[in-house]
> 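Handing you a structure now.
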Amino acid sequence: MDKILEQLNPEQREAAKTIKGPVLVLAGAGTGKTRVITYRIAYMLRHGIPPENILGMTFTNKAAREMKERLASLVSENDAAKVTLGTFHSFCARLLRKEIRIMGFTPNFTIADDSDQAGIIKQAQAELGLSKREEIPVERVLWFIGNAKDNLRTPRMAKNAADMDFDVLASAVYERYQQILENQNMLDFDDLLFFVYRMWNENPEILKKYQNIYKYILVDEYQDTNMVQFEMLRMLAGNAMNICAVGDDDQSIYGWRGAKVENIIRFPEHFPNTKLIKLEQNYRSTNKILGSANKIISCNPGRYEKSLWSNQGEGENLKVLQLRGEEEEAAFIADAISEVVSTQDIDYNDIAILYRSNHLSRLIEQSLRKSQIPYKLVGGQEFFKRKEIRDAAAYLKIIVNPKDDQSLLRILGVPSRGLGDKVVESLKVLQRSVFLSFTELLSEKAFLEKLSSKARDAASAFSNCINKYREIFSRPGDLYQNVNDYLLEVGYLNGLLKIYKDRKEAEKRQENVCEFINAIAQYEQRYQGKPYLFEFLESFALLDENDKTEEEENSGNAVILTTVHAAKGLEFPYVFIIGMEHNIFPHERSIKEGSTEEELRLFYVALTRAKNNLTITHSGSRMRYGTPSSQRPSVFLSYLPEENVDKIEQSQFFKPVDKKDLAEGFKNIFNILNEK
DNA sequence: GTACCCTTCGTTTTT
DNA sequence: CGAAGGGTAC
Ligand SMILES: Nc1ncnc2c1ncn2[C@@H]1O[C@H](COP(=O)(O)OP(=O)(O)OP(=O)(O)O)[C@@H](O)[C@H]1O
């Protein structure tokens, strides 16, 4: 038999072999769905399908990279490299670099981050002349616009559909917002998908072109696709419908950002003559863990029952511990890890610590550092949200996209260079009559004439520097060197010391910026050939830099700290779940909104990450907004099957109660008593 | 135009 | 408790 197919069970094999027509693999956790995708691609390549014709969609960029590596080990590296693998967002971004002119943008468009978005929304509301009373909070507008785009609504459609006052106002803001984005040659995250959808929808010949390229489509984590993503897939799959989706409705955990489980449930309706395949063998977890997870998910009403079994043995009971406070919890985790690593055949990188929300990692990190336990914090875009990093990125964006006024506003006064609010005001005024972007205006006579001689000199110097580096960066390569030179010459690197008066803080910020520049160097090394600056920025905007495959520090041997969301699709021999408390997991807000079913699925995902050992902790008290609050254990804990769980004290974790030891101990005590 | 002090406020989850 | 934004005093 085929070498590739040998490594699959009969059901998986069936899915891998069926390369024509729609295939849906609907199966529980750890049953080898991702493996089906990978091996199916390998099988297709072995059977002469050109790699260029294959498109694989993953949920994260990291998953795409790992799949590519796995693929390279199954087929030739060359073939693997030619398969298109990525997230919907990165796929769309790359596609738009080639095709976006038809949508009235130019290929050097930049991607708006959320601070850009917030700024534009404020500007839009100001331009509409909304008073403080009428203004809608930025987050609500953001939600409205994102929701509209996910559901294929343009500003005009949103306006037409608006009936309530709020919708009327919000869609007006949406319209302004979109106009501002267009003026600045910017797209937001959701636009990446929506633009491709509209482009294909309105230009059949372009759709046709891509249908002829991507003849075979595979999608991982299909339960977390949203409406645009589905519509894109439906269009691209066309009549041939060579599409294979894998997923698990019980692991749908992104409903809050528009993902639709119906997509996977109704796949057979959407794609007629679907071959539906179910996988029931779990290759990941012991039966104690799998049984507990099955029991948990069965507490949700109205789901499609799945039967799952495992031959990974019975395994050990789950351990549940209550700690007095959060410091104790953090200390316990560190102690437990030290113990486990020194007494069992377990490495740091076999261990993961999972939690509901990012801030819960803080104390754990401190505690691990104190115990000198190497760890790696995944996801958590804290680093990229730092002011100094975003400022540095804005300096680069302004080079790539001269129309990016948002970035210019961001960095014009950072560090202060004599160009403040007054200058910004006159830029805005002038823009109403002279239709140029802010960077262009900076070197316009009409603008410079309005300034004091001091401001004029500052503006000219600044704009000369930008123009000089725009020229330099118009060629690919030498990014590291050029970025360094540029940030130095434009006064940003040294300016940091002026901006942050506290010495220590300034140095820390400078360090961060250096790390950012190092990321550019790493990107350059990874890249085959010479990258353009815009390519790095795109990779940066798509958070590609966020989850690089483990190399670097710790030689890869480190405990993983991650949210449950970011752990989706991963597996670890030894898992800790922390902060298992009411109002944390399930989250307070989900309780208020009545969306605890998704929280329970999230808990299911957390449990099913573990292969052999699972320890769950909750704390009796926790600081909330700087004041201590007493915490109750999560209801979810009471759903666990009692026979699979040991509720233990801290001390018992370190001295497992062994019946023989116990008997021995009693004997000794009796002996001592008798002697006396 | 800039520096610093004061309030306010809020905390899911992420491509 | 911390970040971030607004307001006031140089
Ligand atoms: N046929 C098989 N033979 C041996 N091991 C397998 C087989 N199929 C899958 N596995 C192993 O089972 C584990 C889980 O596989 P995989 O990650 O593909 O499952 P999944 O269904 O995608 O999981 P999840 O639902 O959590 O994303 C992996 O370690 C994989 O190597």
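Per chain, numbering begins at 1; letters A, B, ... match sequence-line order. Keep in mind the model is a prediction, meaning the values are calculated, not measured.
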> For Arg94(A) and dT15(B), what is the distance between atoms CZ and P respectively, to the nearest whole Å?
16 Å

> Remember a base hit wins even if backbone is also touched, and classify Gln229(A) as base, sugar-phosphate or nothing at under 4.0 Å, heavy atoms.
nothing

> Tell me the interatomic distance from Lys385(A), atom NZ, to dT13(B), atom P, rounded to whole angstroms.
9 Å

> Give the rounded distance in Å between these two atoms: CD of Glu581(A) and C1' of dT12(B).
15 Å

> Distance check needed: dT14(B) P versus Gln117(A) CD, whole Å only.
17 Å

> Rounded to whole angstroms, how far apart are CZ on Arg601(A) and P on dT12(B)?
19 Å

> Could you tell me whether the side-chain ring of Phe88(A) sits stacked on the base of dT15(B), using a centroid cut-off under 5.5 Å and a plane angle under 30°?
no

> Between Arg356(A) and Phe603(A), is NZ or CZ placed under 6.0 angstrom from the six-membered ring centre and within 45° of the ring axis?
no

> Can you list everything that forms a side-chain contact (heavy atoms from CB on, under 4.5 Å) with Gln431(A)? Sequence neighbours excluded, please.
Asp405(A), Phe438(A), Leu441(A)

> Does Asn358(A) put a side-chain nitrogen or oxygen below 4.0 Å from OP1 or OP2 of dT13(B)?
yes

> Determine: side-chain N/O of Arg589(A) to OP1/OP2 of dT12(B), distance under 4.0 Å, yes or no.
yes

> Using the side-chain contact (heavy atoms from CB on, under 4.5 Å) criterion, which residues pair with Asn226(A)? Sequence neighbours excluded.
Asp150(A), Val228(A), Gln229(A)

> Mind calculating the distance between CD1 (Ile253(A)) and P (dT14(B)) to the nearest angstrom?
9 Å

> Tell me if a side-chain donor or acceptor on Glu388(A) pairs with a main-chain N or O of Gln510(A) at a distance below 3.5 Å.
no

> Tabulated below should be each protein N or O lying under 3.5 Å from an N or O of nucleotides 1-5 of chain B; please produce it.
| residue | atom | partner | partner atom | Å |
| --- | --- | --- | --- | --- |
| dG1(B) | OP2 | Lys422(A) | N | 3.1 |
| dT2(B) | OP1 | Gly418(A) | N | 3.1 |

> Please list, chain by chain and in numerical order, all residues satisfying side-chain hydrogen bond (donor to acceptor under 3.5 Å, both in side chains) with Ser630(A), sequence neighbours excluded.
none

> Measuring only the C1' atom in each nucleotide, how far is dT13(B) from dA4(C)? A whole number of Å is fine.
22 Å

> Can you check whether His587(A) stacks with the dT12(B) base, using ring centres under 5.5 Å and planes within 30°?
yes

> Going by the rule side-chain contact (heavy atoms from CB on, under 4.5 Å), which residues pair with Lys568(A) if we only count those two or more places apart in sequence or in a different chain?
Phe59(A), Glu221(A), Gln223(A), Asp224(A), Ile253(A), Tyr254(A)

> In whole angstrom, what separates Phe585(A)'s CZ from dT12(B)'s P?
15 Å

> In chain order, what residues pass the side-chain contact (heavy atoms from CB on, under 4.5 Å) check against Pro531(A), with sequence neighbours excluded?
Leu479(A), Tyr523(A), Glu524(A), Tyr527(A), Glu535(A)

> Side-chain N or O of Ser590(A) less than 4.0 angstrom from OP1 or OP2 on dT12(B)?
no

> With the side chain of Leu543(A) defined as its heavy atoms from C-beta on, choose the nearest nucleotide among dT13(B), dT15(B), dT12(B).
dT15(B)

> Starting at atom CG of Leu602(A), determine the distance to atom C1' of dT14(B), rounded to an integer number of angstrom.
13 Å

